[in-house]
Amino acid sequence: MNIINLIKIAFKALTTNTMRAFLTMLGIIIGVASVITMLAIGQGSKKSIQSQISEMGSNMIMINPGADMRGGVRMDPSSMQTLKLDDYYDIRDEAMYVSFVSPNVSSNGQFIFGSNNYPGSINGVGPEYLDIRQLKVESGEIFSDEQIQTSAKVCVIGQTIVDNLFTNDEDPIGQVIRFNKIPFTVIGVLEAKGYNSMGMDQDEVVLAPYTTVMKRLLAITYLQGIYCSALTEDMTDQATEEITEILRTNHKLLDSDDDDFTVRSQQELSTMMSSTTDLMTILLACIAGISLVVGGIGIMNIMYVSVTERTREIGLRMSVGARSIDILSQFLIEAIIISVTGGIIGILIGVLATYLVKLIASWPVYIQTWSVILSFAVCTITGIFFGWYPARKAANLDPIDAIRYE
Amino acid sequence: MKAVIELNEIKRDFLVGDEVVHALRGVSFTINEGEFVTIMGASGSGKSTLLNILGCLDTPSEGVYLLDGNPVKKMSNNERAVLRNRKIGFIFQNYNLLPKTTALENVELPLMYNPDVSASERKKRAMVALESVGLKDRMMHTSNQMSGGQMQRVAIARALVNDSAVILADEATGNLDSRTSYEILALLQDLHRKGRTIIFVTHNPDFYDYCDRNIILRDGKVVEDNRNKVIKDARETLKTLPEED
């Protein structure tokens, strides 16, 4: 039997009953469109949850000097001097899983501007500190590499500091504030971030070049800590291992020695995130699966009714020489045409609906190629799968009974 | 004369519940090429069963059936489907045209299942067949735009298109008024004159005289097998019938 003829026959059978074909298709269209829209909305919210959680710094890694024993007495980690600037340079240059790295030194004291003063600490950091802590400069700018090299007396301040020192609505940029008698020129103001989940004011912050704090304020050559961020949350573990390796080599530790530093990551946050997104994925997969099965059953239902309705036609075809395989192929090809056409229309409507959702409800949406391919493939497969049974039934009809069927 | 159909002691039994029903109890006859034969008989005489066997829709329980020299008994369903496609043209009482389909496409249907016939040849042959039944200007009409007589003509064209060895007409005029019936009969007589072999199954004894041979069945057996000396012309009869408005 000529396959082209069979396709012609199937196509003809569909076009002579466009309403039936359309209704059959509708199940698939709605199935595919809803799967694509659902997944787009789901992926969109997943992405926005992801970015919200990573804004909390879920990929942040903190390195502190480790507790050391001096003659059997455990020492306060902050007094350790094991972390050096070389460690910072090596992590910055060698670690592949680390995207940003910044040294950290801090000093406590009183900020003074005019007649106002405010207690706080000044943080000596590198410019990448902003990326690690998800901070943004609202006005002015962060200090440059040159200012770091020259230990410039400049600082970037948070909103709480601005509110307490500049009470007369002065523009803080360019003003000079004093910290422990050393004048710092304000070159930038950070965007307000509010309180974090631990109840700490994230705007009570003053950032200065780490060189300035080390040389001019503390007169030290070691670092109190190093902040890093892993490339992604998933890579936090690899990054931690890598950092440990670099630091152990730098500190010339033997295999038997304990680490003289500690590397900590935000394990809790990343666990929470992966469980949230996993749950989301499972939920979406369930909804998508149900929609497609319903669409498939729609095909089976109408195809099945159509076999009964077309019994005489099948009998006639058999009496003029159609073999069982021809009838089977015709009904299968009809199912394939319906599912593929329905699938394509479904994709178009799904994409359209997604953009409507984005436009009207302004929800975050994100269409992934795999979700389009997957829903199309699944709908075609369910269409053929559910088309098979009625096709089988049609092919097994007895031509004598079929031709005289009333 | 070449034998198109040879039946030898054909029997067909059906199992209904626990009881065996003998629909055919040993039917033997030979139909030669170019014959116009009626098969008559009352309901339950085994007419339909015989027709199913002749049309390769069914196989006999016992006996030998040779269609154009091919034994029909030893065949798979698919082989019989191919045989129907090449050797047999069916005409049914209720026309059995595909709905919402043009006359031309209906006539093309048997050739669609024959991979040896190209699309252009298929169309050409269907047009020739439709012309020969007088429907040259109705080719693009769909089945619901035609009268019963026209639909039966389309069905006849469909039976002709594959150059079948035998045309089987099952109560072909059963749904038509008497005038249209005689028109169809006249058409079949024309085909017969052109050398077609036609088997006309009917229970209308009026058609007895228009064929050259009558086989009468009763209780699954052939009780009469007569050849007509005088064959009436359906066109002459048509002239005697009152014209319809």
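In what follows, chains are A, B, ... by sequence order, proteins preceding strands, each numbered from 1.
For the pair Ser324(A) and Asn78(B), the tightest heavy-atom approach, listed with the atom from each and the gap, is N-OD1, 3.8 Å. The minimum heavy-atom distance between Gly321(A) and Asn85(B), with the atom names listed, is CA-CB, 3.6 Å. The nearest pair of heavy atoms linking Ala81(B) to Ala322(A) is CB-O, 3.8 Å. Scanning all heavy atoms of the two residues, the minimum distance from Lys8(A) to Ala119(B) falls at NZ-CB, 4.0 Å.
Counting heavy-atom neighbours within 6.0 Å of Tyr97(A) OH, excluding the residue itself, gives a total of 12 or less. The neighbour count for Lys123(B) NZ, taken as heavy atoms of other residues, nucleotides or ligands under 6.0 Å away, does not exceed 12. Atom CE of Met140(B) has more than 12 neighbouring heavy atoms from other residues, nucleotides or ligands inside a 6.0 Å radius. Around the NZ atom of Lys124(B), the shell of radius 6.0 Å holds no more than 12 heavy atoms that belong to other residues, nucleotides or ligands. By the neighbour-count criterion of 12 heavy atoms within 6.0 Å, atom CZ of Phe29(B) is densely surrounded, having more than that number from other residues, nucleotides or ligands. Sparse packing is recorded around OH of Tyr389(A), with 12 or fewer heavy atoms of other residues, nucleotides or ligands lying under 6.0 Å away. Atom CG of Leu348(A) is surrounded by more than 12 heavy atoms from other residues, nucleotides or ligands within 6.0 Å. Under a cut-off of 6.0 angstrom, the local environment of NZ in Lys221(B) is sparse, with at most 12 non-hydrogen atoms contributed by other residues, nucleotides or ligands.
Contacts between Leu111(B) and chain A at a heavy-atom distance below 4.5 Å involve the backbone alone (N, CA, C, O). Ile403(A) touches chain B through backbone and side chain together, each having a heavy atom under 4.5 Å away. Only the side chain of Leu51(B) comes within less than 4.5 Å of a heavy atom of chain A; its backbone N, CA, C and O stay farther away.
If you tally non-hydrogen atom pairs under 4.5 Å between each of Arg122(B), Arg86(B), Arg80(B) and chain A, the highest count goes to Arg122(B).
At a threshold of 4.5 Å between non-hydrogen side-chain atoms, the residues Arg323(A) and Glu79(B) do not count as touching. In this structure, Arg317(A) and Tyr113(B) have side chains that are in contact, with non-hydrogen atoms separated by less than 4.5 Å. In this structure, the side chains of Leu316(A) and Leu109(B) come closer than 4.5 Å at one or more pairs of heavy atoms. You'll find the side chain of Leu57(B) reaches within 4.5 Å of the side chain of Ser319(A), heavy atoms only.
Residues of residues 87-103 of chain B that come within less than 4.5 angstrom of chain A, heavy atom to heavy atom, are Phe90(B), Phe92(B), Asn94(B), Asn96(B), Leu98(B), Pro99(B), Lys100(B), Thr101(B) in numerical order.
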Under 3.5 Å, side-chain donor or acceptor atoms of residues 332-339 of chain A against the rest of the protein: list the pairs with distances, not counting sequence neighbours.
from	atom 1	to	atom 2	distance (Å)
Glu334(A)	OE1	Arg310(A)	NH1	3.1
Glu334(A)	OE2	Arg310(A)	NH2	2.8
Glu334(A)	OE2	Gln330(A)	NE2	3.1
Ser339(A)	OG	Ala335(A)	O	2.4

